[in-house]
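Below, each value reflects all heavy atoms present in this structure, side chains not excepted, and no hydrogens, waters or symmetry copies. Owing to the predicted nature of the structure, the values given are computational and were not obtained by experimental measurement. We count residues from 1, following the sequence as given.
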Amino acid sequence: RVLWTYVVYLLFQKYPKFASRLDGSQRIWAELIAIVTFTLTFFVNEAYSCWRNCLNICYNLQGRLNDFGMALAGCAKRDEPKLSSSSSKRAMQAAEDVEATSKFTPGARKVLTIISRYVRVFNILSYASFTRSHRPLLTPQGMRRMVTRGLLTEKEHAILINSRVAATGRHNEVLMWMFRTALDARRAGHFYGGYGFEQNLLLRIQEIRGQGNYMEAILRGRMPFFYAHIVRILVGFITMFYPVVAFSSGLSLPLGIAGVVFLTLTYQGLFDLSKRFLDPFNNESYGYDPIQVDTLIAETNAGSRRWMFGLEDMPIPYRSFEDASIGGLDSFLLPDEGFTEEEIAQRDADRRLREETGKLAASVLADEEEIKEMLEEAQQAAQDEFDEAVKIMNAPPGADFVAGIDDQDEEPMAIDLNDSVARNTTEVDAVLDLRTLEVKEDQQRRDKIEYGLPSKKLYDQFIETAAEEYEEIMRREEVGDSDNLF
């Protein structure tokens, strides 16, 4: 554009009379720039709507999968503490319900674990269908690698590759597995509920199917080609026509070059931005900041087991509700406005007395080495608690997990580089890391906490208070100082 501007300037310098023939060009330019601005603005808005709709569908799909898992976890069969037939013994049991919890039955927990795996497989196969970055998973090599990594069984793999469902639609088959597994488990007695429960599950599955199909519809009908083509022509025309209008009105060369550079960066930049919006998953390599599919997969992976873990232990067992008339729920009734300062002080004193009594009783039977070990364990517990507090405070707002705490049990799979199979599947492994819950580097950069002044002040105060409490515990339970402990 700068070279074209310079050529136009030389033509006007060589043929001065040519400028007099373009006296009405300013009026044409004013009308043309208004039309192009309106058309380009509308184009950018429509392109952004496409990008935003795709992102909304991703999170709606994630939400519907979470709804499905939450409904199953809430209705899964549980092992309840056994009730005594004697009313007097049941009254004593009611007083012990503070410690008693109900848990999933072994069969129900296995079903929930299998369905959570199906949720993760469905999710990643869905994105493999939508995006080219994860498309290697649908290839024969990718499907075999999913078996190797423990995401599919041999039987499931054989069914998927031999099915008459298209390779890009295999996630629909896994969706049906999720639905049928839940129905059969309900019939086998692993879930509470009847036909209403099945109807609810059918609605959740239909919503998941609807969100996935809507994504396909948006990606296929993003924008008519002729519309994008005419906008490209208009943008190119005004950037080429501007030097003619500028120099015909007597504008100097430096100002003309500055004007064409600004106009090109503005209008061409908006057009390029629109193309990036129309390629939300970077399938056509238009942009450098697409929707982070790896992050979405990691979030869904975390949610697939969140509800099962959230109801692993139910604090109020079922027998407490049956024994409500004899005090089965009394231990769970707390003041609506909380405890007063006097009650808190009394409760803390009682708690410390119980702890010191227990430590004193243990010290009577323990030798010096055992006492030293107890002190070291108390110090380590204080250190772990302080480290956990710092990690929780530094977690991004709205994070699905806390790095360094919730993912500490996850271990990456070792790859033998001398193994030809492993070397040939490194690309598949790059998009197949379903077992890790780490957010990618780009997402970590974008999710970095930007504390405002009030938030940073509260953050610093909390960390300072936690550090003081930790130092106090370390001084009180210093190794070798048994008098402070007992």
Side-chain angles (χ1 to χ4, degrees), residues 60-79 102-129 137-138 142-144 146-213 297 299-312 314 432 434-435:
N60 288 338
L61 180 62
Q62 185 180 119
R64 301 296 78 74
L65 290 172
N66 283 334
D67 290 344
F68 185 73
M70 183 178 66
L72 293 178
C75 295
K77 192 174 181 179
R78 309 184 67 83
D79 281 328
S102 66
K103 299 178 179 293
F104 293 121
T105 62
R109 200 182 194 289
K110 291 178 182 178
V111 172
L112 291 175
T113 302
I114 293 172
I115 293 180
S116 67
R117 178 172 63 85
Y118 283 165
V119 167
R120 297 192 293 273
V121 174
F122 165 80
N123 187 57
I124 195 170
L125 289 183
S126 297
Y127 285 112
S129 175
L137 292 176
L138 298 179
M143 296 297 293
R144 287 199 300 269
M146 292 180 75
V147 177
T148 304
R149 292 294 299 269
L151 303 175
L152 289 173
T153 65
E154 291 284 356
K155 184 178 181 180
E156 292 165 350
H157 170 259
I159 292 175
L160 285 175
I161 63 175
N162 294 324
S163 173
R164 293 195 293 178
V165 176
T168 54
R170 287 170 178 162
H171 57 283
N172 295 313
E173 194 164 353
V174 179
L175 181 64
M176 295 307 299
W177 293 355
M178 293 164 49
F179 183 39
R180 193 64 205 182
T181 301
L183 292 182
D184 291 343
R186 204 282 303 175
R187 293 174 57 191
H190 297 300
F191 293 106
Y192 301 112
Y195 293 110
F197 173 75
E198 295 181 355
Q199 181 66 22
N200 184 272
L201 292 184
L202 177 59
L203 291 176
R204 299 287 83 77
I205 291 295
Q206 289 175 337
E207 291 174 354
I208 295 171
R209 191 273 319 159
Q211 293 294 330
N213 286 5
I297 291 175
E299 291 172 350
T300 304
N301 289 349
S304 66
R305 297 180 295 178
R306 177 187 301 138
W307 313 108
M308 179 178 65
F309 292 159
L311 204 58
E312 190 79 47
M314 178 64 185
L432 192 56
L434 293 183
R435 291 187 172 180

Inset, instruction - Could you tell me which residues satisfy ring pair (Phe, Tyr, Trp, His ring centres under 6.0 Å) with Phe179, sequence neighbours excluded, listed by chain and number? - result: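 Phe179: no ring pair (Phe, Tyr, Trp, His ring centres under 6.0 Å) contacts found.
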
Please enumerate all residues that pass salt bridge (Lys or Arg N to Asp or Glu O under 4.0 Å) together with [X], with sequence neighbours excluded.
X	result
Asp79	none
Arg209	none
Lys103	Asp313

### Message
Using the side-chain contact (heavy atoms from CB on, under 4.5 Å) criterion, which residues pair with Trp307? Sequence neighbours excluded.
### Response
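Scan of Trp307 (side-chain contact (heavy atoms from CB on, under 4.5 Å), adjacent residues dropped) gives Asn66, Met70, Ala73.
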
Rounding to 0.5 Å, atoms CD1 (Ile208) and CZ (Arg64) come to a distance of 8.5 Å

Query - Glu207 bridged to Arg204 by N-O distance under 4.0 Å - result: yes

May I ask you to test the [X]-[Y] pair for a side-chain heavy-atom distance under 4.5 Å?
X	Y	result
Leu311	Arg78	yes
Leu125	Met146	yes
Phe122	Leu61	yes

Worksheet item: Are the side chain of Ser163 and the backbone of Leu160 linked by a donor-acceptor contact shorter than 3.5 Å?
Response: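 No, Ser163 side chain to Leu160 backbone: no donor-acceptor pair under 3.5 Å.
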
* Asked: Hey, is the main chain of Leu151 close enough, under 3.5 Å, to the side chain of Arg117 for a donor-acceptor pair?
  ->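 The answer is yes, because a donor-acceptor pair under 3.5 Å joins these two groups.
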
Those residues at least two apart in sequence (or on a different chain) that pass side-chain hydrogen bond (donor to acceptor under 3.5 Å, both in side chains) with Thr153 are Glu156

